[in-house]
There are 2 protein chains.
Amino acid sequence: MIAHETLKSQIIKALWQLIIEGKILPNQPMREVHLAELLNISRTPLREALQQLEWEGIIVSESRKGYRLAQFSENDITEIYPLRARLESFALELSGIPTQKVLDELIEINQKILNTTSSKQIVELDERWHLLLISNCSNERLLKMIKILHRQSQRYEYAYMEMNNTVEKSVTQHENIILHLQNGQLHQAVELFAKNNLVGIDTLINWLNSKSK
Amino acid sequence: MIAHETLKSQIIKALWQLIIEGKILPNQPMREVHLAELLNISRTPLREALQQLEWEGIIVSESRKGYRLAQFSENDITEIYPLRARLESFALELSGIPTQKVLDELIEINQKILNTTSSKQIVELDERWHLLLISNCSNERLLKMIKILHRQSQRYEYAYMEMNNTVEKSVTQHENIILHLQNGQLHQAVELFAKNNLVGIDTLINWLNSKSK
DNA sequence: CTTTTGCACATTGTATACAATATACAAATT
DNA sequence: AATTTGTATATTGTATACAATGTGCAAAAG
């Protein structure tokens, strides 16, 4: 049986690509006819996709004025990362100590992060690492919220690395978390995981402030 | 200047009313033409509203099979309430001790809860109380997530009270939380607030199990 | 009698058409 | 010259039309 991915979800992916590649700029109006022509689809499924991205906090809209990519702001960063830290910590609590198999995979991904120089891949691998760590969490709603926050933070990370050609690696922190999990110290791992989620904040805020000058 | 509420948001409200009034039953297919005729609008904005409610976890859809109201399940309850507890606690932490003005209002709402017998109003007042308590929280994303979880839990509460003509009051717990806040004991209030959010779980699960027999 | 196949119909998915509003610019007014 | 007002155009909001897929039932095959 073929899954037959819906147009809407394809459009969301395409728009997301345009956004992280910087093809769509913040505050620029996203005109529906233009995007529909670009992606070769009609306005109906496009609007559905736009509404979902709005829902996810990536784009914003004003009634009868249309959609535009949300402006970067320091406030976003101070909202997103601490919230991510809380939610992911909670998810790790609920997950408990991972199985040996998962721990091995976590080590493997971390090794890949260490070895790659592609910033884009580092961001992707970092997300995979985070999601794998909490993959035993059975609270689907919690996981969904975390994934939304990933998207929101990734927009900043991609934009940052677009200008700096680099992105922070948290290999050592990951190692530390794994170590504590291997020793059965879940609570300590949870604390470290929370801290790990906060590590990028200052860098991003500094970059943002220097950029706006 | 007139705000001119969009059709989509009006439709969402109308659908929500139909849902909590039990006019739409779980698992029943929600046919688009039928609902569009009922609400006297076209399918386009209706679909947009349906998609948003799906996003909020109220209704579910299968590709090319359409939307239906999500079935009640014990798993939902064990997901929603503990998550709410965490998020609201976090929001209270961020809010800090409320001002005297807010504390007075909290006491006032709590008094209203004590004096009313209308279950529907109790649910509404309880939500107002919770949101007011954390109203000083500046993390908009966090508040948005909390509101979504309120909707999800309220669906259960409305369904419960539809069959039992009653709903639990947490007046005493609210009083206790206020008391600690007045004494400047934020951390204790946060703990109590978390517990307050978990108080309905057993009742709802028992009801759900007895219902399905 | 049971199972399968094909067809009519119901329903969702997508595209287009039409309506309402916002925007930009020119002409008129002060 | 600055401000306002009117009008053409661009753009979003909503409705309708068409396409693709799913569903149910009857007739045929075994």
Side-chain angles (χ1 to χ4, degrees), chain A residues 1-19 22-71 144, chain B residues 1-19 22-71 144:
Chain A
M1 184 175 156
I2 303 154
H4 195 66
E5 197 182 20
T6 168
L7 240 189
K8 181 177 140 189
S9 71
Q10 288 177 270
I11 296 171
I12 290 171
K13 282 183 190 168
L15 289 173
W16 177 240
Q17 277 307 116
L18 289 172
I19 290 168
K23 303 277 175 61
I24 296 175
L25 295 176
N27 243 6
Q28 219 179 22
M30 296 168 77
R31 276 176 290 114
E32 295 176 6
V33 278
H34 172 244
L35 286 171
E37 275 171 24
L38 186 72
L39 301 175
N40 211 39
I41 35 93
S42 76
R43 278 177 59 215
T44 311
L46 172 68
R47 280 173 62 90
E48 293 178 353
L50 288 169
Q51 283 171 33
Q52 175 150 343
L53 284 174
E54 180 182 21
W55 220 98
E56 294 182 19
I58 304 296
I59 64 181
V60 294
S61 81
E62 276 176 288
S63 188
R64 301 200 179 269
K65 288 198 172 181
Y67 294 89
R68 59 195 164 77
L69 190 55
Q71 191 72 267
K144 188 176 165 183
Chain B
M1 184 178 160
I2 302 154
H4 195 66
E5 196 181 22
T6 170
L7 239 189
K8 181 176 141 191
S9 72
Q10 288 178 271
I11 296 170
I12 290 171
K13 281 184 191 168
L15 289 173
W16 178 240
Q17 276 307 114
L18 289 172
I19 289 168
K23 302 278 175 61
I24 295 176
L25 295 175
N27 243 5
Q28 221 180 22
M30 296 168 77
R31 276 175 292 112
E32 294 176 7
V33 279
H34 172 244
L35 286 171
E37 276 171 22
L38 185 71
L39 301 175
N40 210 38
I41 36 94
S42 76
R43 277 177 60 216
T44 309
L46 173 66
R47 280 173 62 90
E48 293 178 352
L50 288 168
Q51 283 170 32
Q52 174 149 344
L53 284 174
E54 181 183 19
W55 236 115
E56 294 183 18
I58 304 297
I59 65 181
V60 293
S61 81
E62 276 176 287
S63 188
R64 299 196 180 273
K65 286 197 174 180
Y67 294 88
R68 59 195 164 75
L69 189 55
Q71 192 71 268
K144 188 175 165 185

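Values below: every heavy atom of this structure, side chains too, minus hydrogens, waters and symmetry copies. It should be emphasised that the depicted structure is a prediction, and the values quoted were computed from it without experimental measurement. Numbers restart at 1 for each chain; the letters A, B, ... are given by sequence-line order, proteins then strands.
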Rounded to whole Å, CD1 of B:Ile11 lies from P of D:dT14 at a distance of 8 Å
Could you list the residues that satisfy side-chain hydrogen bond (donor to acceptor under 3.5 Å, both in side chains) with B:Arg31, not counting sequence neighbours? none
From CG of B:Leu35 over to C1' of C:dT11, roughly how many Å is that when rounded to an integer? 13 Å
Atom-to-atom span, CG of B:Leu7 to P of C:dT21 - whole angstrom: 12 Å
Within the structure shown, what part of the strands sits under 4.0 Å from B:Lys65 by heavy-atom distance: base, sugar-phosphate, or nothing? sugar-phosphate
A:His34 NE2 to D:dA10 C1': how many Å, rounded? 14 Å
Nearest-Å distance for atom pair CE/C1', residues B:Met30 and C:dG13: 18 Å
Closest non-hydrogen atoms of B:Leu46 and B:Ala36, given as atom of the first, atom of the second and distance, are CD2-N, 3.7 Å
Which residues share a side-chain contact (heavy atoms from CB on, under 4.5 Å) with B:Arg47, sequence neighbours left out: A:Glu48, B:Glu32, B:Arg43, B:Gln51
Return the nearest nucleotide to the side chain of B:Arg31; candidates are C:dT11, D:dG13, D:dT21. C:dT11
Pairing residues for B:Glu54 by the salt bridge (charged side-chain N to carboxylate O under 4.0 Å, His left out) criterion, not counting sequence neighbours: none
Across all chains, not counting sequence neighbours, the side-chain hydrogen bond (donor to acceptor under 3.5 Å, both in side chains) partners of A:Lys13 are A:Glu5
If you look only at pairs with a residue in residues 30-50 of chain B, which of them pass as a ring pair (Phe, Tyr, Trp, His ring centres under 6.0 Å), with sequence neighbours excluded? none
Grab the CZ-P distance between B:Arg68 and C:dT11 for me, whole Å please. 16 Å
Pull out every residue in residues 37-56 of chain A that has a heavy atom closer than 4.0 Å to any atom of DNA chain C, ordered by number, or say none. A:Ile41, A:Ser42, A:Arg43, A:Thr44, A:Pro45
Rounded distance (Å) that lies between atom P of C:dG13 and atom CZ of B:Arg64: 6 Å
Round to a whole Å and report the spacing from CD of B:Glu32 to P of D:dT16. 15 Å
